[in-house]
Amino acid sequence: MTSKPDDLLILLEVSRTGRFISAAEGLGLNHTTVARRIGDLEKSLGGHVLVRGRGGWELTELGRRAVAAAENIADAMATLEDDDDGASQLSGIVRMSATDGFSAFVAAPAVARLRRDHPELSVEIVAATRRPSQVRSGVDLEVVVGEPQVHRAEALRLGEYVLGLYASRSYLAEYGTPKALDEVLSHGLVYFIDSMLQVDSLDAPRRLLPGMRDSLSSTNVFVHVEATRAGAGIGLLPCFMADQHGDLVRLLPDEVAERLGYWLVARPDSLRQPAVSAVVVALRQGMVEFEDALLGRRRQDERYAQG
């Protein structure tokens, strides 16, 4: 039995979303139809193309070869879908994962601008702070903190952001403003849960604060910001998030200004997709436009605590 091109394209969509239901929505099909067509494809190829994984369906070795063929079909079809002036109209679903802060302050505005020119494009953002997946089934792109070690994937450096120490004005009024790093160590720290942190680069800044006890910890950086604003302690926060709030003061910027890198990870076949490539370009442009805030330059003079 010979596999049908349509079945290969269905597999391609499942490989991007990791789920039959999501793939069906993107293709305008019923999810039972998607499952049946995948079954037909496996019969024609003589083996399984998908296996169950923690994040959804993942490709087998046979499935990866089938997806490579599907990419060629999709590329050929894309050349036939240009509009009259030759400009390709992007459509379909691109799914990406990224950290909470990047998702909200870089990815969301960048995607919004992109969709003004390509309203048929849909982007799904899974907010997560984790290492890059070694399988990458279910997502087209991943944005991670720190240079990743990956296989069968491309890693592209997007840029940097800065972590700084912050406290609320009310907290400093009650407990005093630390004038040196050793004075900071007697306060409680608001940061990630140490035992649950999966990203080595985010754990590294703790070396600047030896012995500083945790006062409130969370896996979500938005919780860090709000806990610091509420007076839970001194927060180790991304400047681009903390500087949005006038009630937060940056402490000791010369001593604590930890630079961390944002990296984008994707399979080479994903990067060849016009929609995915366009999202990557939009994210890079978003990083450039937001650079001052990412590096803690925005309104920094009025944020710094005075001695």
Hey, does [Y] have a side-chain heavy atom less than 4.5 Å from the side chain of [X]?
X: Leu50; Y: Thr60; result: no
X: Arg250; Y: Leu165; result: no
X: Leu121; Y: Val111; result: no
X: Val276; Y: Leu141; result: yes
X: Leu294; Y: Val162; result: no
X: Val94; Y: Glu124; result: no
X: Leu163; Y: Leu237; result: no
X: His48; Y: Leu62; result: no

Where [X] and [Y] come nearest, the two heavy atoms and their spacing:
X: Leu59; Y: Arg64; answer: O-NH1, 3.4 Å
X: Ala66; Y: Leu45; answer: CB-CD1, 4.0 Å
X: Tyr171; Y: Gly231; answer: CD1-O, 3.5 Å
X: Met212; Y: His187; answer: CG-O, 3.4 Å
X: Ala70; Y: Leu8; answer: CB-O, 3.3 Å
X: Gly176; Y: Pro178; answer: O-CD, 3.5 Å

Looking at residues at least two apart in the chain, or sitting in another chain, which of them share a ring pair (Phe, Tyr, Trp, His ring centres under 6.0 Å) with [X]?
X: Phe105; answer: Phe240
X: Phe192; answer: His224
X: Phe20; answer: Trp57
X: Phe222; answer: none

Positive for side-chain contact (heavy atoms from CB on, under 4.5 Å) with Met96, one of Asp140, Val139, Val280, Leu283:
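Among Asp140, Val139, Val280, Leu283, the one that satisfies the side-chain contact (heavy atoms from CB on, under 4.5 Å) with Met96 is Leu283.
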Going from [atom1] on [X] to [atom2] on [Y], what distance comes out if it is rounded to the nearest 0.5 angstrom?
X: Arg19; Y: Glu13; atom1: CZ; atom2: CD; result: 13.5 Å
X: Leu248; Y: Ser170; atom1: CG; atom2: OG; result: 9.0 Å
X: Tyr161; Y: Glu291; atom1: OH; atom2: CD; result: 15.5 Å
X: Leu41; Y: Leu9; atom1: CG; atom2: CG; result: 10.5 Å
X: Glu147; Y: Trp263; atom1: CD; atom2: CH2; result: 4.0 Å
X: Ser97; Y: Glu142; atom1: OG; atom2: CD; result: 4.0 Å

Chi angles and distances behind the salt bridge (charged side-chain N to carboxylate O under 4.0 Å, His left out) call for Asp247, Arg169
CA-CA 6 Å; Asp247 55 345; Arg169 297 185 186 278; over 6 Å; no
Before giving the answer on side chain to side chain contact (heavy atoms under 4.5 Å, CB included), spell out for Glu154 and Val265 the whole-Å C-alpha distance, their side-chain angles and the decisive distance to 0.1 Å.
CA-CA 6 Å; Glu154 299 286 342; Val265 180; over 6 Å; no
Under a 4.5 Å side-chain heavy-atom rule over Ile, Leu, Val, Met, Phe, Trp and Tyr, are [X] and [Y] clustered together?
X: Leu114; Y: Ile93; answer: no
X: Ile125; Y: Leu264; answer: yes
X: Leu209; Y: Val190; answer: no
X: Leu251; Y: Leu216; answer: no
X: Leu189; Y: Val223; answer: no

Side chain of [X], backbone of [Y]: donor and acceptor closer than 3.5 Å?
X: Glu42; Y: Val49; value: yes
X: Gln285; Y: Val281; value: no
X: His118; Y: Leu90; value: yes
X: Ser277; Y: Pro274; value: no

Quick one: which residue pairs count as a side chain to side chain donor-acceptor pair (under 3.5 Å) with a foot in residues 208-221, not counting sequence neighbours?
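Residue pairs passing side chain to side chain donor-acceptor pair (under 3.5 Å), neighbours aside: Arg206-Asp214.
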Walk me through whether Tyr262 and Thr99 qualify under side chain to side chain contact (heavy atoms under 4.5 Å, CB included).
CA-CA 9 Å; Tyr262 279 130; Thr99 61; 3.7 Å; yes
Does Glu289 pair with Arg284 as a salt bridge, N-O distance under 4.0 Å?
no
Is Glu120 atom CD crowded by more than 12 heavy atoms from other residues, nucleotides or ligands, each under 6.0 Å away?
no
Counting only heavy atoms not in Ile21, do more than 12 fall under 6.0 Å of its CD1?
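No, because the 6.0 Å sphere around CD1 of Ile21 holds 12 heavy atoms or fewer from other groups.
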Please check if any side-chain donor atom of Ser270 sits under 3.5 Å from a side-chain acceptor atom of Arg267, or the reverse.
yes
Pair Tyr166-His245, side-chain donor/acceptor within less than 3.5 Å:
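No - no donor-acceptor pair under 3.5 Å links their side chains.
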Could you list the residues that satisfy side-chain hydrogen bond (donor to acceptor under 3.5 Å, both in side chains) with Arg36, not counting sequence neighbours?
none
Side chain to side chain contact (heavy atoms under 4.5 Å, CB included) between Leu208 and Leu236: does it pass, once the steps are laid out?
CA-CA 11 Å; Leu208 301 172; Leu236 186 55; over 6 Å; no
